[in-house]
*Asks:* 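Input: one structure, supplied below.
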2 protein chains.
Amino acid sequence: MLLVDDHPMVVEGIRQMLLPETDLRVVAQANGGEQALELLSAHPEVRVVLLDLSMPGMSGVELARAIRAGWAEVRVLALSMFHDHATVAEVLEAGGAGYVLKTASRAELSTAIRQVAAGRTYFSQDVADTLLQNLQITASLETPGPPAITRREREILQLIAREHSNLEIAEALFISERTVETHRRNLLTKTKCKSAVGLIQYAIRHNLLA
Amino acid sequence: MLLVDDHPMVVEGIRQMLLPETDLRVVAQANGGEQALELLSAHPEVRVVLLDLSMPGMSGVELARAIRAGWAEVRVLALSMFHDHATVAEVLEAGGAGYVLKTASRAELSTAIRQVAAGRTYFSQDVADTLLQNLQITASLETPGPPAITRREREILQLIAREHSNLEIAEALFISERTVETHRRNLLTKTKCKSAVGLIQYAIRHNLLA
DNA sequence: TAAAAAATACGTGCCAGTACGTAGGCCCGG
DNA sequence: CCGGGCCTACGTACTGGCACGTATTTTTTA
């Protein structure tokens, strides 16, 4: 397997934790996305990539996508400190086969790797809970309708976050101020927020700000 | 020294990285603040505590304060993924003797520990940069005045973030709506924001929301 | 204890944001 | 071809936030 993390301490820790597991061999380790791809080319025998999500430069999710695109048979196991909806969903979309929190013990980590290597999936308990919540949300929304933020709405949201007034936003996007107001109202309705204050937090929680 | 981190992988990694450094002995390791304090009582020979800032339950900063209060001779070396102004400043106020990023190499880590153990301080390059920026800000503000957010202002900010109106905030804090407006105005001035929208982002960037 | 900072409070006035209603043009999929 | 989602757009009305000025009391700090 290939180990990708920009923290030497974590890399060393995982290496050490896996030493007793003689069937799991750490073939190589990388400190960034680009290096990981190079190593993947040089080591065709790699079957599992254990990668940290938060890395400078190419993010873990981007790397996951790149791996999926170029090495379809390689299984990606995500490693992260967080388990928020947006991130977990991104990893799944990127084709991740599993998601382990950094609080995982040696036992959990090795189990996860074996599961993933065997073609199955693995998710830490908290991550699984997040997934279930997502499913419930998705399910409960089958009846009324999924409040998905559209492209245009996201644009407006980003400009709101930069403290622009409706008029400024209108001029920036070459549309009428009335239109901006409408988008704004729709955003408030969809997010169930009372004002722009809540909107900003929604945007941040869902990673909608570039 | 005592090692405090809720991530087994990191603990194991640091242990392993320090093994070759025969003069640095890891006496014990804890997964949370409470456990760390117990271990500190049981191991009076501990001179340095290397602690992660992000832990469930008692935060790293709280633990640092507790250590400073009860074991004045023990030196605290903070370990963190981030180096934002607010966090670094908090650690310093809490009496931290150093601040190392998790991206640190084995060499940097051992240097940091030796420095701190010897009564000196150590800060990773990026952290030092942050500190310098802070100093420059502080220095440049000696003329006009340092815009520090007060306790009361922080309370109001948190309620604003929860989408409460001025009137609601006033009722919640048993003060006049006018007073809330004044605090709000002062916050806008201090943060150089145009509206509550910017305020929220300021609050999030500076970790002012519980 | 005196000076400085923080918290409290009021008034006046403007405008941006919000609520609510309505509607036409566009494009996609059934 | 038509329904539905999206983007576009207008009008009316209300109100909460914000600007600007001023001032007293309490707490902290020097």
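By convention in this document, chain letters (A, B, ...) are assigned in the order of the sequence lines, proteins followed by strands, and residues within each chain are numbered from 1. Small disclaimer: the values here were computed from a predicted structure and weren't measured.
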*Asks:* Quick test of your reading of the model: are B:Glu62 and B:Arg65 salt-bridged, counting only N-O distances below 4.0 Å?
*Replies:*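 Looking at B:Arg65 together with B:Glu62, the answer is no, because their closest N to O distance does not fall below 4.0 Å.
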
*Asks:* What heavy-atom pair brings B:Val91 and B:Gly98 nearest, and what distance separates the two atoms?
*Replies:*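 Heavy atoms only, the tightest pair is CG1-O, 4.4 Å.
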
*Asks:* CZ of B:Arg152: more than 12 outside heavy atoms within 6.0 angstrom?
*Replies:*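 Counting neighbours around CZ of B:Arg152, more than 12 heavy atoms of other residues, nucleotides or ligands fall under 6.0 Å, so yes.
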
*Asks:* When you measure from the side-chain N and O atoms of A:Arg184 to the phosphate of C:dT18, is any distance below 4.0 Å, counting only OP1 and OP2?
*Replies:*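 It does, given that an N or O in the side chain of A:Arg184 lies less than 4.0 Å from OP1 or OP2 of C:dT18.
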
*Asks:* Check every strand shown and say whether A:Arg185 touches a base, only sugar-phosphate, or nothing at a heavy-atom separation below 4.0 Å.
*Replies:*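 Base, at least one base atom sits under 4.0 Å.
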
*Asks:* Please give the angle, rounded to 10 degrees, between the axes at the start and the end of the helix from C:dT1-D:dA30 to C:dG30-D:dC1, where five pairs define each axis.
*Replies:*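 It works out to 60° between the end axes.
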
*Asks:* With sequence neighbours left out, write down each residue that passes side chain to side chain donor-acceptor pair (under 3.5 Å) with B:Glu168, or none if nothing qualifies.
*Replies:*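 B:Glu168 satisfies side chain to side chain donor-acceptor pair (under 3.5 Å) with B:His164 once adjacent residues are dropped.
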
*Asks:* Where the side chain of A:Glu153 is concerned, which of D:dC10, C:dC10, D:dC7 is the nearest nucleotide?
*Replies:*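 The answer is D:dC7, which lies nearest to the side chain.
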
*Asks:* Starting from P on C:dA9, measure out to CZ on B:Phe174 and report it in whole angstrom.
*Replies:*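 Nearest whole value for this atom pair: 13 Å.
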
*Asks:* Pick base, sugar-phosphate or nothing for A:Ser176, based on heavy-atom distances below 4.0 Å to the nucleic acid.
*Replies:*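 A:Ser176: backbone/sugar contact only, no base atoms under 4.0 Å.
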
*Asks:* With a non-hydrogen cut-off below 4.0 angstrom, is A:Leu188 in contact with a base, only sugar-phosphate, or nothing?
*Replies:*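 Since only primed, P, OP1 and OP2 atoms lie under 4.0 Å of A:Leu188, the category is sugar-phosphate.
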
*Asks:* Assign each of B:Glu177 and B:Arg151 to its nearest nucleotide of DNA chain C by heavy atoms, then name whichever residue's nucleotide is nearer the 5' end.
*Replies:*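 It is B:Arg151, whose closest nucleotide lies nearer the 5' terminus.
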
*Asks:* So, is B:Thr150 near the phosphate of C:dA6, with a side-chain N or O under 4.0 Å from OP1 or OP2?
*Replies:*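 Result: no.
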
*Asks:* Could you identify which residues of residues 159-166 of chain B place a heavy atom less than 4.0 Å from some atom of DNA chain D, listed by residue number, or say none?
*Replies:*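 B:Ser165, B:Asn166, in order of number.
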
*Asks:* Checking all strands, does B:Arg152 fall into the base, sugar-phosphate, or nothing category for heavy-atom contacts under 4.0 angstrom?
*Replies:*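 Result for B:Arg152 = sugar-phosphate.
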
*Asks:* Counting only N and O atoms by type, is there a donor-acceptor contact under 3.5 Å from the side chain of A:Gln115 to the main-chain atoms of A:Tyr122?
*Replies:*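 No.
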
*Asks:* Do the side chains of A:Lys102 and B:Asp52 get close enough for a salt bridge, i.e. N-O under 4.0 angstrom?
*Replies:*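 Between B:Asp52 and A:Lys102 there is no salt bridge, as every charged N stays at least 4.0 Å from the carboxylate O atoms.
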
*Asks:* Ion pair present between B:Arg15 and B:Glu12, side-chain N to carboxylate O less than 4.0 angstrom?
*Replies:*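 The answer is no: the pair does not qualify as a salt bridge.
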
*Asks:* For A:Thr182, report the nucleic acid contact type (base, sugar-phosphate, nothing); a contact means any heavy atom under 4.0 Å.
*Replies:*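 Base, at least one base atom sits under 4.0 Å.
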
*Asks:* Just to be sure I understand the rule, does A:Glu181 reach a base, reach only the sugar-phosphate, or reach nothing, if contact means heavy atoms closer than 4.0 Å?
*Replies:*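 Answer is base: heavy atoms of A:Glu181 come under 4.0 Å of a base.
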
